[in-house]
Enquirer: 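First the structure, then my questions, so here it is.
Numbering starts at 1 and runs along the sequence shown. When reading the values below, keep in mind they use all heavy atoms of this one structure, side chains included, and skip hydrogens, waters and symmetry mates. Everything numeric here is computed off the predicted structure, so don't read it as measured data.
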Amino acid sequence: MTPPGRLSTAPPPVRRASAEAIGPRPPLVEERGELSAAVTRALRSGGPPVAASDSASASGSDSVQRADPYGEDLQLALYLLYELHYRGFDGVDDEREWDPELLRLRRAMEARFLDALRADLSEGPRSVEDAFAPLLVEPADLSGSLSHHLRTQGELWQLREYAALRSLYHLKEADPHAWVIPRLTGRAKAAMVAIEYDEFGAGRADRIHAQLFADLMADFGLDPTYGRYLDRAPACLLATVNLMSLLGLHRALRGALVGHFACVEVTSSPGSRRLAQAMRRCAAGPAAEHFYAEHVEADAVHEQVVRHEVIGGLLAAEPDLEADVAFGCAATLLLEDRLAHHIRERWNHGRSALRSPLPPQK
């Protein structure tokens, strides 16, 4: 990532993943419960989504209310439906993106997810100052930080797992946030476009951040094909990606998406510094180190732009969205903390953080 308007002068990574490997539509994956089974059956057959215990209702409302809002079944079902707005799936008609029955089911699951987030954050921040002030000072105790663990004692297999998990976002990096651009005006829109321009490579296809992450994956001997590790991703990872899609697709949640975006930018630079050091210490490869090193300086610049211009411009135009901006930030931190806890708990017991371990690196 480079500061707005400045092309990167960094040398290209040694090992490059082909754009063709990133591009194909992914296949559908196996279901993880009633809701995801209803979605996969519907996408494969072209019919409406019908959960087994809701045979009279295509909306699957009973199954949605029984589902764990953070669980494997609901989060996978949501992810599959959101993916229709990105690249879709192999063998699935593009028209299913706006299928009313699929949208009805998605809406019910979104409400379940949002209700859980709002309940868990009922005592959360309501102002931008309260939401972001704690993020502007790095804590003295980093023992709970996943990037700190990877920097100081992470092993190569753990870095590979981390890359496989994060690929579900980084191979579509900046895409969910682009949906907010037509919903902004003035300062906020201009600043958002400037940052997104960098995210999409500042005019150079080889500098698109999704491509840089694919290059990182090649260093690890991972498959950079878009969506390749969906079947291995646990619900806590899916939830972090689903949050971006949820906020991006709803105009009513534009304030929360700006809060999410700002949270990512504010926390990126110090975390990226630690991850770049982890990649160097473990000799992960030049592209692996470069991806995070690229974010250190640039995201420090982006942090200032997003706080003062994107948030500042948005709230100057729509001051009533401040609580939504704070919610977007708090929800991002909540889900990232859940993911970090899952990963650390698995690794502390010598287990894979993925639903099934990766094959050894060749």
Enquirer: Between E31 and R41, does any NZ, NE, NH1 or NH2 come within less than 4.0 Å of an OD or OE carboxylate oxygen?
Expert: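 No, R41 and E31 are not salt-bridged.
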
Enquirer: Decide, yes or no, whether a salt bridge links R66 with D73 under the criterion of side-chain N to carboxylate O below 4.0 Å.
Expert: no

Enquirer: So L222 and R228, do their side chains get closer than 4.5 Å, heavy atoms only?
Expert: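 No; the side chains remain at least 4.5 Å from each other.
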
Enquirer: Under the 3.5 angstrom rule, does the side chain of Y197 hit a backbone N or O of A202 as a donor-acceptor pair?
Expert: yes

Enquirer: In terms of the angle between their ring planes, are F291 and F213 parallel, tilted or perpendicular, with boundaries placed at 30° and 60°?
Expert: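 If you compare the ring of F291 with that of F213, the planes turn out perpendicular.
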
Enquirer: Do L136 and L315 share a hydrophobic cluster, counting only Ile, Leu, Val, Met, Phe, Trp and Tyr and linking them when any side-chain heavy atoms are less than 4.5 Å apart?
Expert: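 Yes: a chain of side-chain contacts under 4.5 Å links L136 to L315.
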
Enquirer: Are the side chain of Q158 and the backbone N or O of E155 linked by a donor-acceptor pair below 3.5 Å?
Expert: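 The answer is yes, because a donor-acceptor pair under 3.5 Å joins these two groups.
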
Enquirer: With a 4.5 Å limit on heavy-atom distance, are the side chains of L184 and R254 in contact?
Expert: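 A side-chain contact under 4.5 Å is absent here.
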
Enquirer: Given side chains that start at C-beta, do those of L117 and P69 come closer than 4.5 Å, heavy atoms only?
Expert: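 They are not in contact (no side-chain heavy atoms under 4.5 Å apart), so the answer is no.
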
Enquirer: Would you check if V325 and F261 make a side-chain contact, meaning some heavy-atom pair closer than 4.5 Å?
Expert: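 No, every pair of side-chain atoms sits at 4.5 Å or beyond.
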
Enquirer: Mind checking the CG-CZ spacing from L43 to F89? Nearest 0.5 Å is all I need.
Expert: 7.0 Å

Enquirer: Is there a path of hydrophobic side-chain contacts, each under 4.5 Å between heavy atoms of I/L/V/M/F/W/Y residues, joining M192 to I208?
Expert: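 Per the 4.5 Å side-chain linkage, I208 and M192 are not co-clustered.
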
Enquirer: For R346 and S352, indicate whether the former's side chain and the latter's backbone hold a donor-acceptor pair under 3.5 Å.
Expert: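 Confirmed, R346 side chain pairs with S352 backbone.
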
Enquirer: With a 3.5 Å distance limit and no angle check, can you tell me whether R232 reaches the backbone of A353 through a side-chain donor-acceptor pair?
Expert: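 No.
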
Enquirer: Roughly how far, to the nearest 0.5 Å, is the OG1 atom of T267 from the CG atom of L333?
Expert: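 Rounded to the nearest 0.5 Å, the CG-OG1 separation comes out at 7.0 Å.
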
Enquirer: The criterion is salt bridge (charged side-chain N to carboxylate O under 4.0 Å, His left out); which residues satisfy it with R166, sequence neighbours excluded?
Expert: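 Applying salt bridge (charged side-chain N to carboxylate O under 4.0 Å, His left out) to R166 gives E336.
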
Enquirer: So, K172 and E83, do they make that salt bridge, N to O below 4.0 Å?
Expert: yes

Enquirer: Do Y169 and D175 have side-chain heavy atoms sitting under 4.5 Å apart?
Expert: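 Heavy-atom side-chain distance check fails, nothing below 4.5 Å.
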
Enquirer: To the nearest 0.5 Å, what is the distance between OH on Y162 and OG on S167?
Expert: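 That separation rounds to 11.5 Å.
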
Enquirer: Are any non-hydrogen side-chain atoms of L105 and V39 less than 4.5 angstrom apart?
Expert: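 A side-chain contact under 4.5 Å exists here.
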
Enquirer: Does the side chain of E101 come within less than 4.5 Å of P49's, by heavy atoms?
Expert: yes

Enquirer: Could R118 and F327 be counted as a cation-pi pair, given that NZ or CZ must be under 6.0 Å from the ring centre and within 45° of the axis?
Expert: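 Ring-cation test returns yes.
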
Enquirer: Counting heavy atoms not belonging to R107, are there more than 12 under 6.0 Å from its CZ?
Expert: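 Check fails, neighbour count at 12 or below.
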
Enquirer: Quick check: is F200 connected to I195 through a chain of hydrophobic side chains (ILVMFWY, heavy atoms under 4.5 Å apart)?
Expert: no

Enquirer: Got a second to check how far I181's CD1 is from K189's NZ, nearest 0.5 Å?
Expert: 8.0 Å

Enquirer: If the condition is salt bridge (charged side-chain N to carboxylate O under 4.0 Å, His left out), which residues does R96 pass it with, not counting sequence neighbours?
Expert: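 D99.
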
Enquirer: In terms of hydrophobic clusters joined by side-chain contacts under 4.5 Å, are L334 and M244 together?
Expert: yes

Enquirer: Just one of R280, R281, R273 clears the salt bridge (Lys or Arg N to Asp or Glu O under 4.0 Å) bar with E289, so which one?
Expert: R280

Enquirer: Side-chain contact test, heavy atoms from C-beta onward, threshold under 4.5 Å: evaluate it for V258 versus V306 and give yes or no.
Expert: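 SC-SC contact between V258 and V306 ruled out.
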
Enquirer: So, E265 and R307, do they make that salt bridge, N to O below 4.0 Å?
Expert: no

Enquirer: Can you label the angle between the W179 ring and the Y86 ring as parallel, tilted or perpendicular, going by 30° and 60°?
Expert: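 W179 vs Y86 ring planes: tilted.
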
Enquirer: Within the side chain of S272, is there an N or O that forms a donor-acceptor pair under 3.5 Å with the backbone of S269?
Expert: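 No; zero donor-acceptor contacts below 3.5 Å.
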
Enquirer: For the backbone of A178 and the side chain of E196, can you confirm whether one donor and one acceptor N or O come within less than 3.5 Å of each other?
Expert: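 Yes, E196 side chain to A178 backbone: donor-acceptor pair under 3.5 Å.
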
Enquirer: Heavy-atom count around H308 NE2 within 6.0 Å, excluding the residue itself: above 12?
Expert: yes

Enquirer: For residues L103 and L81: do they belong to one hydrophobic cluster (side chain heavy atoms under 4.5 Å, members Ile, Leu, Val, Met, Phe, Trp, Tyr)?
Expert: no

